[in-house]
Structures are given as structure tokens and as C-alpha cells.
Number of protein chains: 2
Amino acid sequence: MSDTVSRVTIHQVAAAAGVSVATASKALNERGRMTPETRQRVQEVARNLSFRPNAMARALVHQRSFTLGLLTNDTYGRFTLPVAAGLSAAMADRGVSVFLCAIEDDPQRAWLNLEAMEDKRVDGLVIAGKRVDRGLPITLPALSMPVVHVNAECPEGGVGFVPDDEGGAYLATAHLARLGCRRIAHITGPESFAAVHLRVAGWRRALEEAGLPAPGGALFGEWSERFGYETGQRLFSAGAERPDAVFCGNDQIARGLIDALTLLNLRVPEDVAVVGFDNWELFAQAARPPLTTVDMELKGLGREAGLTLLDMIDGKPVERGVRRQPCRLVTRRSCGGP
Amino acid sequence: MSDTVSRVTIHQVAAAAGVSVATASKALNERGRMTPETRQRVQEVARNLSFRPNAMARALVHQRSFTLGLLTNDTYGRFTLPVAAGLSAAMADRGVSVFLCAIEDDPQRAWLNLEAMEDKRVDGLVIAGKRVDRGLPITLPALSMPVVHVNAECPEGGVGFVPDDEGGAYLATAHLARLGCRRIAHITGPESFAAVHLRVAGWRRALEEAGLPAPGGALFGEWSERFGYETGQRLFSAGAERPDAVFCGNDQIARGLIDALTLLNLRVPEDVAVVGFDNWELFAQAARPPLTTVDMELKGLGREAGLTLLDMIDGKPVERGVRRQPCRLVTRRSCGGP
DNA sequence: CTCGATTGAGAAAAGGTTTTCCCAAATCTG
DNA sequence: CAGATTTGGGAAAACCTTTTCTCAATCGAG
């Protein structure tokens, strides 16, 4: 029983139950008509033989493989793994499995994987990237299956899922304003990122709504602790009109900023409140004090993308265009409040 | 041509080429005997129709799906994503695709995915974890397919792949000794990790070989920047016999340590040389100076695991037990030298 | 008691390939 | 030129399910 090499087929079940394979199939799938006794007998026999239908034979007749492809160029993993986990989990619950295709920004590898997915007859494709304003290194050929894009550039007429960067930034800034902060600065990444501009927009919107100034505009730089640290030193050693809060473009910048503030003997959150972006636990939890930050709900993004893809596969009408999934503010101690 | 819904089959190719499906199949697979003209004609027709054989139909007759399952509980992604990328890439080159199953330490989810993999008739299974001394939350039932374990506890008689922690630590320490360091400390993670003990062992072996002392033994704590920072302050503010080098159990600790040293006006690497472990680019590159560190070659681990699994599937004899794949020292500026 | 309707269950086709024979025609051997 | 061998190519089974018919037996009604 342990080293079963050849698997039990529905023929064996049928034989053991003394019925035809047709009847066996119908019994197991709750289809067709037969006496309850027959149905039960077949089901019990199947259970005893621990029969599991061959998904490929099944796929062949259903013209549907219950299989998806996930193409990603994010080897770094910060974005894709949560997305993949969310996708995989939601799909597993529906009997759908996900092929992982890691294409390292290599068009040839992308092509190879794309062909493999076609050959394996996946029902649909998820294209996941690391930047909403960049596509993957593939010009998708006329594919014979539906496609959704996650956290990547979405071509005209396609279906895309991205975090609502603007909304997330608004959430963070409005939270600071509500806590009584009056001069809320924004330190963020390079201007070349679309996400940077969206977050700036959210920051501005919240400031306007609260009737607050945007002191000196946003400070652009890079996504590193170092940039947060250096900018913090510059911003807070110049006496005068110092911010009483900073909304940072990501958690690393926030981490660096907090280091700088600590060095300058400024207390977080009493003297300066800080909010980050990403909820990258590694940074957010390790910061002292632990970081209030914006979670992009990447797992949810993966889940929604998968569910929508299933709808498309089922032929349900699906609205084209990019959906911005709401972010969630995770409050920890770096900005005071409850 | 763009919205092709139903795909072209070998029957259509055969018809178009004026041969039987048997001949068509043989022509395309370089099998059987026929005139070169016939073969070429079939191949050309197939190309023109952009025929691609249905992998599932194929799998059905070959009793082989050219498909693998990757079960992981590492949602965090630090370890599994590189492993998965290496695995996926190596397999793609061989026409094998990989199902990703993210089971979040949830036995029920594990079971669900395991059944899905059985149903989909994967040829083999890769079980990947985040700690070499922990298994996944599944007691593998008598599986009908070969299994390899990566970066996870490997059951008696199984086949496993882990980084050679001891060797990596030796590499790092020996490098410091070769550069002339005489008092090489070791700051690392919790004693509950097997990897911690292995790295301590490598550190000790290198010290012994170089005839150096192990000042005060290894310093155990946690895998955080904070621990590196605090231990650095403690270790280096006490005057007297200060180390002239530190081998850190991971890059985060090293990063924290460097922060502490900088604050104490100790120069890296002139006053204290530092080596990390993980080569997590995010930390290693961002550190100032950039960190010399040990790379566990996780992609290679994934690749080797996959290739060995393929051997097992092919019925080739494969030695049981755990293989320790060598690490690689990545030299940057934090320990001087060339 | 007969005719039509219902019921339970099986035969066979379909889904797309590969592979094992098998056969007729062409080629070679003596 | 008769017989043996090679050659090119096809028919059909196999892989495992599902689904659509079909059919005999049973049932109810008149």
C-alpha cells in the first residue's frame, strides 16, 4: 500500500463495484440516475481504493485544465511572493493550481515559459511585475487565453490590478493630520517611479483637505535607508521650521529617518511622528518604535486577480481597465495616537 | 488568427499534410521511418499552422506529466523565492513546469495542496522550508512520487538539499584570518537554530586552523539589526581586548553592528573588519561600507534539487541523505583586502 | 392485459497523442 | 525471375474520464 506506483483508475473502481465505468463516473460525480444503493456502493468502493480521478484525463474532456500560469520578473520577491501566495491560496480552494514561471527580465526565458504555458493548456495567465509603470519583457503574442496584470503595466484594453498608492498615501497623511500634526513632510523614492507621484498626490490631497501646507514639496531620492537617514539629518538639523511629522515613501526610508532622528535626540513620535509605506514586517517591526505604515494588501491583490481571471475563463463579462485595490493603514507606535 | 479559441490538433496537421496522424506524430517526433520529404512536409505544415502538441494528451500516454510541485511554508519569501526561481528556471529548460503551493503553516491547506498535486499527477515534489531543522506541517502520506526536501528537515531515508552553513562560516572566518585579523568575534542568532550551531562550528574550525582564540565564545541573540547594534555597542565600548573583526550570523546583524561601530568612531574595515551571512542584497549593498558576506547559493540549491528530482523520476539511482551545497564568499569592502 | 412512460444502467464516442503492430509495395539476392 | 528483405506509411489500441445515446426492464394507467 505504501509504494503504489501505478494509480487506481475508474475502471478498477467500476469492476470492484460491479458496474460499468459510465455508471461509476456518474456515481462519483453525483450525475445521472441510479439507485441510491448503487451510488453509495460505488462511492464506498472508490474511497476504499483511495481512487482519485486523473485531472489530465478530465481536463482533456472538459477542455479546461484548472490550471493557471504566473509569469513574474520579480526575483527579488518583495512584491511577487505575497501576490503569488494570495493567488495560490485562493485558487487552491477552487481546485485550480498555479504554475510559477520565473523569467528574469530575459525575453528568451519569457518566451520559453509562455510556450510551456500554452502547451500545458493553462486556462489563464497572471502577469506580475515589480512596478506598476513597467511591463514585462514580453510582447504578448495573440494568446489563446485570458490574461490579467498585477502590479505591472497593463496594456490598452487589458485587465489590471494595482495597489491604490494615492489612496494609501492619503490614508497615512490624513492619519497624521488627525493626530494633530501640522507640518507633514514627505520623503520618498525616485521621481522616475509612477508610484512616487501617486503617493505624492495622496499626500497633497490629505494636506489640502486638512488645510495644511506642503512644506517645501516632496523630497525625492532613493528607496534606501541611507536616503532616509541623510535626508532626516539635513531636514532636522536645520533649526527653524522643522516638520512635526514625516510620511515616508517606503519603510526603509522611514527606518533610516528614525535612526537620524534618534541621533539628533528627537523623540518618535513625541517630537516627530513617522509613517512608512509597504508594511514590510522586517523593517516595520524592527524599527524602534515599531513603524506605523501602509499595507498594500498584496495577498488580496493576488486573490482578486485570480478570482477575476476565473470569471474571465468562465466567460463572464469583466470590465476592462486597471483596478486600484485599497490599501490598509497599520498603526504601530511611530506616530502616537491610540 | 488572433482570437483563436480552439487549438489546432495533430489531426488537422495530418490532414493538411495528406498523411495519417500516426505518420504526422512520427514525423514531428523524429521517430519511425519515412522519406525525408514526407517528414519535412509534415513539419512545415505543422509550423505553418503553429501546431503545438497538447501536453496533457501527451502526459496521458507517457504516464508522465512533466510537472513538479513545490510546497513551501515560507510566505516571507527570503529563502523560497530564490530557490523557486532556480528550480523553475532549470526545469523550464527541460520542459518541466512547476506548480507553486503556498501552504501557510496550515496543515489543512497543506493537505489540500497535496491532494491537488496527486490529482494533477505531478512527477515529483519539492518540499521547501525556511529552516533546515524544521519540517513542514505535513506528515507526508505514502506518496506515489519521489520527493526532495530543500532547506527543511529531511526525514529518515529522504533526499535533502541544504546550504553548507559550516563551510560558509569557515569561508568567512578563514578569509578574515588570512587578512591578518587576530581576534575574530562571532555575533549570531538564537541558539535554537541548527544553522546557528553549524556556523559556530565553522567559525571555530577556521580559528583553530589559524591558531587563533575564540574570544568569549559566540554571542547568541536574535536575527535583527537591533541585536547587532546593541551587541556592537556592548562589545566595543568596553575598552581592553576588543575584537579586530566580527563574523556575523546574518546580514541584518552585520548591518546593525556597522551602525554601532560607526557611532563609536571605529572605522570599518580599518579598525574592525566585518563579514555577514546571507548576501541579502538589500542589506549587503546598502551597508556602508558594502558588506562582505556569505552567499548560500539558494538558486543553485533549487536547481540541484530539481535536477536530482528529475533523476529520481527517471528511475536513476540517487543516493539518500542530505547534501550540503557549498556557499560562496562575496567580497565587498567591509573587510578590506583586495 | 396492453400500451406508453419511467427507470437504471451500459456501450460507445470524444478529447489529443503516441506507439505497436501490420501490410503492401519496392528493392535486393541468387 | 522467384523469393526474401527492406521500406514507407497506416489502422488501431492505449492513456483515463465524461457524456450522450440507447436499451431492456419495470411501472402505472386505462
Side-chain angles (χ1 to χ4, degrees), chain A residues 4-43 45-46 49-67 95 116 118-123 144, chain B residues 4-43 45-46 49-67 95 116 118-123 144:
Chain A
T4 324
V5 148
S6 83
R7 316 261 332 223
V8 20
T9 76
I10 202 173
H11 284 89
Q12 303 172 38
V13 174
V19 297
S20 71
V21 287
T23 305
S25 173
K26 283 182 290 197
L28 295 172
N29 295 305
E30 302 292 351
R31 291 204 138 61
R33 289 179 312 201
M34 70 195 66
T35 54
E37 294 81 62
T38 311
R39 201 180 287 280
Q40 284 194 6
R41 179 159 38 93
V42 173
Q43 291 178 347
V45 168
L49 295 176
S50 54
F51 165 76
R52 309 232 85 217
N54 183 321
M56 286 177 312
R58 211 167 194 170
L60 217 46
V61 356
H62 282 134
Q63 302 275 60
R64 174 113 183 242
S65 64
F66 291 95
T67 276
E118 293 242 48
D119 291 354
K120 299 258 173 18
R121 298 299 191 269
V122 295
D123 299 326
S144 54
Chain B
T4 324
V5 147
S6 82
R7 319 252 340 216
V8 20
T9 77
I10 202 173
H11 284 89
Q12 303 172 37
V13 173
V19 297
S20 70
V21 287
T23 306
S25 173
K26 284 182 287 197
L28 295 172
N29 294 305
E30 302 293 351
R31 293 204 136 61
R33 288 178 314 201
M34 69 195 67
T35 54
E37 295 82 61
T38 311
R39 201 179 286 281
Q40 283 195 7
R41 179 159 40 92
V42 174
Q43 292 178 345
V45 168
L49 296 176
S50 53
F51 165 75
R52 307 231 88 214
N54 184 321
M56 287 177 312
R58 215 168 190 166
L60 218 46
V61 357
H62 281 134
Q63 303 274 60
R64 172 115 184 241
S65 64
F66 290 94
T67 276
E118 294 241 48
D119 290 354
K120 298 260 177 11
R121 299 297 192 271
V122 295
D123 299 326
S144 55

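Here is the naming used below: chain letters follow the sequence lines, and residue numbers restart at 1 for every chain.
Residue contacts shown for A/Ser25 include a base, since a base heavy atom lies under 4.0 Å away. Within the nucleic acid shown, B/Arg52 comes within 4.0 Å of sugar-phosphate atoms alone, with no base atom in reach, counting heavy atoms only. As judged by a 4.0 angstrom heavy-atom cut-off over every strand, A/His11 is placed among the base-contacting residues.
Side chain A/Lys26 to base C/dG10: a donor-acceptor pair is found below 3.5 Å.
Nucleotide D/dC16 holds its C1' atom 9 Å from the CZ atom of B/Arg121, rounded to whole Å. As a whole-Å value, the separation of A/Glu30 CD from D/dT19 P is 13 Å. A straight line from CG of A/Leu60 to C1' of D/dT19 spans 14 Å, rounded to a whole angstrom. Rounded to whole Å, atom P of C/dT17 lies 14 Å from atom CE of A/Met56. Remark: P of D/dT18 and CG of A/Asn54 are 10 Å apart, rounded to the nearest angstrom. A straight line from CG of A/Asn29 to P of D/dT17 spans 11 Å, rounded to a whole angstrom. To the nearest angstrom, C1' of D/dC16 lies 16 Å from CG of A/Leu49. Atom-to-atom, CG of B/Asp119 to P of D/dT17 comes out at 10 Å; the value is rounded to the nearest Å.
Taking only side-chain nitrogens and oxygens, A/Arg31 comes nearer than 4.0 Å to OP1 or OP2 of D/dT19. For B/Gln63, a side-chain nitrogen or oxygen approaches OP1 or OP2 of D/dC16 to under 4.0 Å. Residue B/Thr38 has no polar side-chain atom (N or O) positioned under 4.0 Å from OP1 or OP2 of D/dG8. For A/Thr9 and D/dC15, the shortest distance from a side-chain N or O to OP1 or OP2 is not below 4.0 Å. Look at B/Thr23 and you won't find any side-chain N or O under 4.0 angstrom from OP1 or OP2 of D/dG9.
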Exercise. Going through the distances and angles, do A/Gln63 and A/Arg121 end up as a side chain to side chain contact (heavy atoms under 4.5 Å, CB included)?
Worked result: CA-CA 9 Å; A/Gln63 302 275 60; A/Arg121 298 299 191 269; over 6 Å; no
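Between A/His11 and A/Val21, the shortest heavy-atom contact is CD2-CG1, 3.3 Å. B/Met56 and B/Asn54 get closest at one heavy-atom pair: N-OD1, 2.7 Å. Heavy atoms only, all atoms of each residue included: A/Ala46 and A/Leu28 are closest at CB-CD2, 3.7 Å.
Comparing A/Leu28 and A/Arg33 by the nucleotide of DNA chain D whose heavy atom lies nearest to each, the residue mapping closer to the 5' end is A/Leu28. Closest-nucleotide positions on DNA chain D for B/Pro36 and B/Val61 were compared, and the one nearer the 5' end corresponds to B/Pro36. Summary of the strand contacts: A/Met34 and A/Ala57 both lie near DNA chain C, and taking for each the nucleotide with the nearest heavy atom, the more 5' one is attributed to A/Met34.
The side chain of B/Ile10 lies closest to C/dT17 when the candidates are C/dT17, D/dA11, D/dT18.
Considering CG of A/Asn29 and CD of A/Gln43, their distance stands at 9.5 Å, rounded to 0.5 Å.
Using a 4.5 Å heavy-atom cutoff, the side chains of B/Lys120 and A/Thr67 are in contact.
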